[in-house]
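Notes for the one structure printed next.
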Amino acid sequence: MTSPLYAQVALDVPLFTALSYRVPDHLRDDIALGQLVQVPFRNRSKTGLITDLTSELDDPALAPKIRDLYDLVDAEPLLSTNDLKFLSFVADYYLSPIGEVVRLAIPSAVRVEGIKHYRRLPDDQRPASATPLPLDLADALASLSSEEPSPVASLREAYPDLTYHRLSELERRGLVEVTYQESGSLKPKTERYFKLLPRPRGTLTGRLGSNQLKILKLLDGMPSLSLPEIREHIPSPYSSLSALEDRGLITSWEEEVYRDPFENAPVEAPPEFDLTERQLHAVNAVAEARNAGRFEGFVLHGVTGSGKTETYVRIIRDTLAEGRRALVLLPEIALTPQFVGVFRSHFGERIAVLHSGLTPAQKFDQWRQIRRDEVDIVIGARSALFAPINNLGVIVVDEEHDSSFKQEEGTRYNARDMALVRAKLASAQVILGSATPILESFHNAQLGRLTYLPMPERVAARAMPPVDIVDMRRGPHNPTAGPSNLLSARLLSELDNTLHDQKQAILFLNRRGFSPCVLCESCGHIFECPNCDVSLTYHRRMEALRCHHCDFSLRMPESCPQCQHTGIERKGVGTEQLENHLHELYPRARVARLDRDTGAGPRLQQLLSSFRRREIDILVGTQMVTKGHDFPDVTLVGVVLADMSLNFPDFRAAERTFQLLTQVAGRAGRADSPGKVIIQTYTPDHYSLLTAQNHDFSTFAQHELAQRQAMGYPPFGHLIALKFEGTHEGATVQATRDYATAARRLLRSDRTFGDNIAMLGPAMAPIGRINNRSRWQLLLKASDRALLRRFAIRTLELAKHFEAGQPQHRNVRIIIDVDPLNML
DNA sequence: AGCACGCCGACT
DNA sequence: GTCGGCGTGCTC
């Protein structure tokens with residue numbers, strides 16, 4: 001009699017703990033940490049991840065509840081122990097249920113949900129029972145087929161009085177056989193392959209049909225061909241194929257094929273390049289850490305055009321040469337076929353790609369290739385951080401400042417931060433690349449926690465573009481300035497020159513739509529979203545008013561709903577209006593717009609490549625234009641209104657503005673033509689503008705860091721935002737207040753907390769209501785991360801207590817946002 | 001998250 | 001009298 005073995009299984013349910021299951025004897029030898037298993041859960045089966053194996057239960061009282069786990073999903077573990085540690089770290093760090101984190105590591109296509117089925121065992125297979133079965137259960141049992149398993153739910157329909165728990169009595173007594181029938185999960189795709197069998201030459205051929213001969217010819221000299229490949233030549237080869245197989249001339253088999261997201265993307269020859277001094281220095285610094293087998297984080301601070309991608313390529317090549325694998329994380333928008341193409345040209349087939357544009361089947365197949373070690377490089381958006389990569393040697397986080405690395409729902413992780421954690425556990429290196437490193441990176445580099453690798457020059461000695469700041473406070477500069485004094489004389493004359501020289505221009509305006517605000521000129525009524533506390537934006541193309549925070553949209557009204565007056569005024573300018581205005585100013589120029597309304601996916605790619613092919617002269621757009629790739633013929637970049645991001649109610653406003661301006665300015669003059677940047681602003685003296693003008697990151701960083709230090713904001717202090725959301729304003733406010741009261745009491749009673757933690761709020765969120773949910777928040781701030789975390793946990797426990805007895809807190813959700821990025 | 005159990009209003 | 005509303009609590 002061996003001692004029992006228990007598995008801790010993390011399931012895709014919002015539970016903070018993993019659940020215990022008994023490991024059946026026949027699985028004992030095969031089971032391992034990090035393995036995917038199928039387990040019974042309520043009246044279904046679920047896929048979970050083994051986080052621990054123990055011979056004892058931590059709570060013996062649970063023993064009667066414990067069920068046997070059902071089966072292994074795969075012989076091989078999904079995750080290494082390091083990666084398991086990584087997942088629990090993420091769950092701990094973000095105060096998030098382990099199941100929710102595990103879900104990030106197991107794509108939905110791999111999770112299998114099974115519905116429980118019963119089949120009545122024939123009399124001779126049933127154990128003799130001591131006690132007679134209750135009548136209703138006996139009835140239910142009799143209704144079951146002994147041939148076909150039936151879903152338990154159908155039993156419950158037929159016998160409504162039998163609860164699930166009572167029905168399981170049939171299992172306990174061994175009267176039924178239990179199976180779980182999977183529903184609608186993705187399956188690997190297989191294809192039939194054919195090849196020639198060796199045979200004596202010249203025999204039998206005379207009696208073959210013409211299709212059969214064609215097939216033999218096709219297969220001749222080929223290792224094998226798939227059915228679709230044969231069908232390209234012979235539309236209907238089925239009977240011929242089976243005839244050939246019957247005669248023993250060919251053979252066939254089923255083989256798994258991957259649904260390839262690169263389909264039709266040509267692989268070009270790798271561009272040859274020699275590394276600059278700076279690039280080589282970076283490559284060598286990383287090599288040193290790799291050779292020593294130690295974790296190290298690097299800040300690759302390279303101005304736009306300094307050749308960061310080539311540096312990544314070289315570092316990854318060296319890493320692969322050591323037999324280790326690479327992960328490249330990119331902002332979602334940067335995952336273009338072009339970027340992936342660069343990697344494909346250098347590294348060939350052994351690359352997997354993970355991003356939101358893939359179909360579930362493609363994701364599933366990419367994921368399978370990764371976990372079977374069939375690829376060496378994974379390129380993906382933030383969720384690729386959790387890809388099951390074995391023997392990970394390096395993680396590249398490109399454009400590390402990009403806010404899309406932060407997930408804003410569920411487990412609110414930041415892939416940039418967690419890349420450092422995963423790499424540390426794997427003794428791998430991390431490259432944080434950006435032209436505008438975040439201040440956390442820069443500060444940590446100064447402290448020596450990260451290694452700073454500056455690349456301040458563009459390759460081929462190209463100059464950084466000169467930046468002009470135009471003070472818009474001085475009124476209209478010329479009569480064609482357009483609506484709201486939109487374009488200055490300076491910017492217009494540069495546009496003229498650019499068009500005259502047959503070069504391209506990018507105009508950046510961080511606001512989409514035609515007009516962000518619409519009001520009645522008679523009574524002043526402002527059109528607001530009925531579901532959110534924001535004004536509606538007028539979109540001319542759709543002749544509609546739309547909310548940018550929910551999906552509300554309204555046909556543009558003829559008259560004011562309040563006073564019936566027909567004069568409706570549109571205030572402010574968005575990209576749509578700017579595009580319009582440019583069409584009027586330059587009727588012969590080709591003007592296009594790039595923002596979220598332009599569309600995503602293929603349409604976006606189309607627009608970008610048509611701009612690259614110079615089929616567009618002026619590209620108007622929001623943030624999205626700051627992230628594209630090289631556009632060699634762009635010589636002018638205009639920032640139409642630099643103040644927009646500056647006026648955000650957020651301590652990171654200056655940093656964001658600096659990043660935005662630097663990034664968009666970097667679009668100018670990337671090839672041989674020199675570029676020029678014009679920034680229009682109403683705050684021309686702001687340090688984030690002046691430093692961006694001089695491409696002077698370090699002055700900006702020093703200035704900004706001093707301010708952060710004075711306020712105790714990151715990177716000097718750490719934040720946890722507690723966001724309260726509820727359908728009733730009153731209940732939401734009350735919940736926030738009561739929480740704050742409890743937290744204050746704890747701060748007063750425990751000096752360790754009180755002396756080191758600051759609480760800001762309660763305050764209404766900058767957008768007080770979205771989708772009819774009121775939003776309030778509290779901000780916890782401390783320089784000691786661990787202390788802050790402990791405090792948050794303690795107060796959340798308090799919150800649970802007061803919530804239990806307080807009906808006024810109903811329907812209020814508390815969202816914990818560790819290291820919040822977005823305060824809206 | 002689901003999903004079952006439980007305790008109060010409009011119907012055969 | 002019951003069907004069903006969703007409020008509450010549990011999942012090994």
Side-chain angles (χ1 to χ4, degrees), chain A residues 4-24 27 31 35-72 91 94-108 111-116 140 151-169 171-172 178 180 182-184 407 409-412 725-728 731 735 797 799-816:
Chain A
L5 183 63
Y6 299 102
Q8 292 295 112
V9 180
L11 289 171
D12 160 31
V13 282
L15 292 173
F16 278 84
T17 61
L19 300 181
S20 309
Y21 289 85
R22 198 175 298 106
V23 179
L27 295 177
I31 206 144
Q35 220 156 14
L36 280 185
V37 286
Q38 204 62 22
V39 297
F41 183 75
R42 296 260 172 124
N43 59 340
R44 58 217 307 113
S45 82
K46 272 180 168 290
T47 306
L49 189 78
I50 298 188
T51 57
D52 205 3
L53 286 166
T54 55
S55 55
E56 268 166 53
L57 288 173
D58 34 318
D59 179 5
L62 277 177
K65 280 173 145 186
I66 306 270
R67 304 214 244 168
D68 279 12
L69 64 81
Y70 185 56
D71 206 355
L72 305 181
Y94 289 105
L95 303 167
S96 188
I98 181 70
E100 208 176 87
V101 176
V102 159
R103 174 199 196 109
L104 297 168
I106 313 171
S108 57
R111 292 193 299 263
V112 180
E113 281 241 338
I115 310 282
K116 189 186 235 178
V152 175
S154 74
L155 269 185
R156 294 225 48 225
E157 259 171 54
Y159 302 91
D161 291 340
L162 288 175
T163 62
Y164 162 70
H165 185 76
R166 287 208 57 213
L167 278 171
S168 64
E169 178 86 31
E171 288 172 55
R172 286 192 292 273
V178 183
Y180 293 91
E182 298 167 13
S183 58
Q407 175 142 73
E409 57 182 49
T411 301
R412 299 181 162 232
E725 284 187 17
T727 42
H728 298 283
E797 280 163 11
K800 248 178 228 151
H801 282 199
F802 72 67
E803 252 179 17
Q806 304 270 349
Q808 69 263 39
H809 296 144
R810 270 177 206 161
N811 298 321
V812 180
R813 233 179 5 158
I814 304 183
I815 296 157
I816 309 160

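Lettering of chains follows the sequences in order, A, B, ..., and the numbering in each one begins at 1.
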Euclidean distance, atom [atom1] of residue [X] to atom [atom2] of [N] [Å, nearest integer]:
X        : N      : atom1 : atom2 : result
A:Phe41  : C:dT11 : CZ    : P     : 9 Å
A:Leu15  : B:dG2  : CG    : P     : 12 Å
A:Gln38  : C:dC12 : CD    : P     : 14 Å
A:Leu69  : C:dC12 : CG    : P     : 13 Å
A:Arg22  : C:dC12 : CZ    : C1'   : 10 Å
A:Leu5   : C:dC12 : CG    : P     : 19 Å
A:Asn43  : B:dA1  : CG    : P     : 19 Å
A:Lys116 : B:dG2  : NZ    : C1'   : 16 Å

Do the side chain of A:Glu100 and the main chain of A:Thr411 share a donor and acceptor less than 3.5 angstrom apart?
-> yes
State whether the distance check finds a donor on one side and an acceptor on the other, under 3.5 Å, for side chain A:Arg42 versus base B:dC3.
-> yes
For A:Asp68, check side chain to side chain donor-acceptor pair (under 3.5 Å) against everything at least two apart and list the hits.
-> A:Arg22
Can you pull the salt bridge (charged side-chain N to carboxylate O under 4.0 Å, His left out) pairs that have at least one residue in residues 51-64 of chain A, sequence neighbours excluded?
-> none
Go through C:dC12, C:dT11, B:dA1 for me and flag the one nearest to the A:Pro14 side chain.
-> B:dA1
Using a cut-off of less than 4.0 Å, is there contact between a side-chain N or O of A:Arg44 and OP1 or OP2 of B:dC3?
-> yes
What residue among A:Leu69, A:Thr54, A:Leu57 forms side-chain contact (heavy atoms from CB on, under 4.5 Å) with A:Ser20?
-> A:Leu57
